[in-house]
S.K.: 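Quick one: the structure is below, questions incoming.
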Amino acid sequence: QVQLVESGGGLVQPGGSLRLSCAASGRSFSSAYMGWFRQGPGKEREFVAGISYDGHNTDYPDFVKGRFTISRDNAKSTAYLQMNSLKPEDTATYYCARGRAPYSLYSGRATNAYDYWGQGTQVTVSS
C-alpha cells in the first residue's frame, strides 16, 4: 500500500508564494510518475503538474506554466509544487497522486492515470 500526505497549504495574498509537499510512504516512489491536481468548490478536478520518475520530464497546463514548478527528491520520497505569483483563481484543494505503471499506457493529465491520492491541502488566495 502507498500513502501520500500533502502539506504546505494556507492563506496567501495575490502575488504570494507557497510550496506544497507530498510525502510518500512506500519504497516505490522513485519509479513512479507523480502528479498534482486541484479542485475548487463546485468545480472539476484539474491537472496542475506532472513529473517523471527521474525528474527529467515535467508537464504543465498553460494556466500554471511559468508560475508553478513541480520537483521531486527521490531520496526523501517527496514531491513538491512551488507556486509563485498566485492568483485568486488558484484557490482550491491541491492533491498529490501517484501514476500507474507502466506510464506509457496512460495520459498523465487524466485522473485515471493515477492509483493513489493524498488527502489534499487547502490553498486560498485572497486579499
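Every value quoted in this text rests on a predicted model; they were computed, and no experiment measured them.
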S.K.: Could you report the tightest heavy-atom contact between S127 and P14, atom names first, then the distance?
M.R.: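 Reported closest heavy-atom pair: N-CD, 3.7 Å.
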S.K.: Between atom OG1 of T111 and atom CD of E44, what is the distance when rounded to the nearest 0.5 Å?
M.R.: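 Output value for this atom pair is 9.0 Å.
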S.K.: Should D54 and R72 count as an ion pair when the cut-off is N to O under 4.0 Å?
M.R.: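 Salt bridge absent between D54 and R72.
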S.K.: If I take atom OG from residue S30 and atom CG from residue N74, how far apart are they, to the nearest 0.5 angstrom?
M.R.: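 So the OG of S30 and the CG of N74 are separated by 5.5 Å.
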S.K.: Mind checking side-chain hydrogen bond (donor to acceptor under 3.5 Å, both in side chains) for D73 and listing every partner two or more places apart, or none if nothing turns up?
M.R.: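 D73 satisfies side-chain hydrogen bond (donor to acceptor under 3.5 Å, both in side chains) with no residue once adjacent residues are dropped.
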S.K.: Counting only heavy atoms not in Y53 (residues, nucleotides, ligands), do more than 12 fall under 6.0 Å from its OH?
M.R.: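 Incorrect, the count does not exceed 12.
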S.K.: Can you tell me how far apart CH2 (W36) and CD (E6) are? Round to the nearest 0.5 Å.
M.R.: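 Rounded to the nearest 0.5 Å, the CH2-CD separation comes to 5.5 Å.
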S.K.: Between L81 and T69, does the side-chain contact (heavy atoms from CB on, under 4.5 Å) criterion hold? Intermediate values first, please.
M.R.: CA-CA 6 Å; L81 184 68; T69 303; over 6 Å; no
S.K.: Test the R100-Y116 pair against the cation-pi criterion, namely NZ or CZ under 6.0 angstrom from the six-membered ring centroid and within 45° of the ring axis.
M.R.: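 No - R100 does not lie over the ring of Y116 by the 6.0 Å and 45° rule.
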S.K.: Suppose we call two aromatic rings close when their centres sit under 6.0 Å apart. Are F37 and Y95 close by that rule?
M.R.: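 No: the rings miss the under 6.0 Å criterion.
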S.K.: Work out which heavy atom in T91 is nearest to a heavy atom in V125; give both atom names and the distance.
M.R.: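 For T91 versus V125, the nearest heavy atoms are OG1-N, 2.9 Å.
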S.K.: Determine whether the side chains of T93 and Q122 contain a donor N or O and an acceptor N or O closer than 3.5 Å.
M.R.: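 Note: T93 and Q122 side chains meet the donor-acceptor criterion.
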S.K.: Taking a hydrophobic cluster as the set of Ile, Leu, Val, Met, Phe, Trp and Tyr residues connected by side-chain heavy atoms closer than 4.5 Å, whether directly or through intermediates, do F63 and V12 fall within one such cluster?
M.R.: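 Yes; tracing contacts between hydrophobic side chains, which count when under 4.5 Å, links both residues.
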S.K.: Quick check on E89: does its CD atom have over 12 non-hydrogen neighbours (other residues, nucleotides or ligands) under 6.0 Å away?
M.R.: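 Yes, the 6.0 Å shell around CD holds more than 12 heavy atoms from other groups.
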S.K.: If you look at every heavy atom in S21 and T78, which pair is closest and at what distance?
M.R.: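 Between these two residues, the closest heavy atoms are CB-CG2, 4.3 Å.
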S.K.: Tell me whether R98 forms a cation-pi arrangement with Y114, defined as NZ or CZ under 6.0 Å from the six-membered ring centre and within 45 degrees of its axis.
M.R.: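 The answer is no, since R98 fails at least one limit relative to Y114.
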S.K.: Would you sort out whether F47 and D59 count as a side-chain contact (heavy atoms from CB on, under 4.5 Å), showing the intermediate values?
M.R.: CA-CA 10 Å; F47 174 77; D59 184 33; 3.5 Å; yes
S.K.: Can you see which heavy atom on A32 is nearest to which on G99, and at what distance?
M.R.: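 Result for this residue pair: CB-O, 4.5 Å.
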S.K.: Search all heavy atoms of A113 against all heavy atoms of S107 and return the closest pair with its distance.
M.R.: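 In terms of heavy atoms, the two residues are closest at CB-O, 3.1 Å.
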S.K.: Could you give me the CA-CA distance, side-chain angles and deciding distance for L20 and V123, then say whether side-chain contact (heavy atoms from CB on, under 4.5 Å) is met?
M.R.: CA-CA 9 Å; L20 307 184; V123 172; 4.1 Å; yes
S.K.: Apply side-chain contact (heavy atoms from CB on, under 4.5 Å) to L4 and M34, showing your working.
M.R.: CA-CA 11 Å; L4 305 175; M34 299 296 296; 4.2 Å; yes
S.K.: Give a yes or no on whether the backbone of Q82 and the side-chain of R67 come within a donor-acceptor separation of less than 3.5 Å.
M.R.: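 Between the backbone of Q82 and the side chain of R67 there is no qualifying donor-acceptor contact (under 3.5 Å).
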S.K.: Per the disulfide bond (SG atoms under 2.5 Å apart) rule, what does the pair list look like for residues 57-127, sequence neighbours excluded?
M.R.: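 Sorted result for residues 57-127: C22-C96.
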S.K.: Would you say L86 ends up clustered with I70 if hydrophobic residues are merged whenever their side chains have heavy atoms under 4.5 Å apart, either directly or through other cluster members?
M.R.: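 They do share one cluster, since a chain of ILVMFWY contacts under 4.5 Å joins I70 to L86.
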S.K.: Can V64 be reached from Y80 by stepping across I, L, V, M, F, W or Y side chains whose heavy atoms are under 4.5 Å apart?
M.R.: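 The answer is no; the residues belong to distinct hydrophobic clusters.
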S.K.: Is the Y33-Y106 ring centre distance short of 6.0 angstrom?
M.R.: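 So the answer is no for these two rings.
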S.K.: Quick check for you: to the nearest 0.5 Å, what is the distance between L18 atom CG and D90 atom CG?
M.R.: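 Answer rounded to 0.5 Å: 10.0 Å.
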S.K.: Under the 3.5 angstrom rule, does the side chain of T124 hit a backbone N or O of L11 as a donor-acceptor pair?
M.R.: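 Not confirmed, T124 side chain does not pair with L11 backbone.
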S.K.: Can you give me the closest heavy-atom contact between S85 and S17, atom names plus distance?
M.R.: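 Reported closest heavy-atom pair: N-OG, 4.3 Å.
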S.K.: If you look only at pairs with a residue in residues 98-127, which of them pass as a disulfide bond (SG atoms under 2.5 Å apart), with sequence neighbours excluded?
M.R.: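 For residues 98-127: none.
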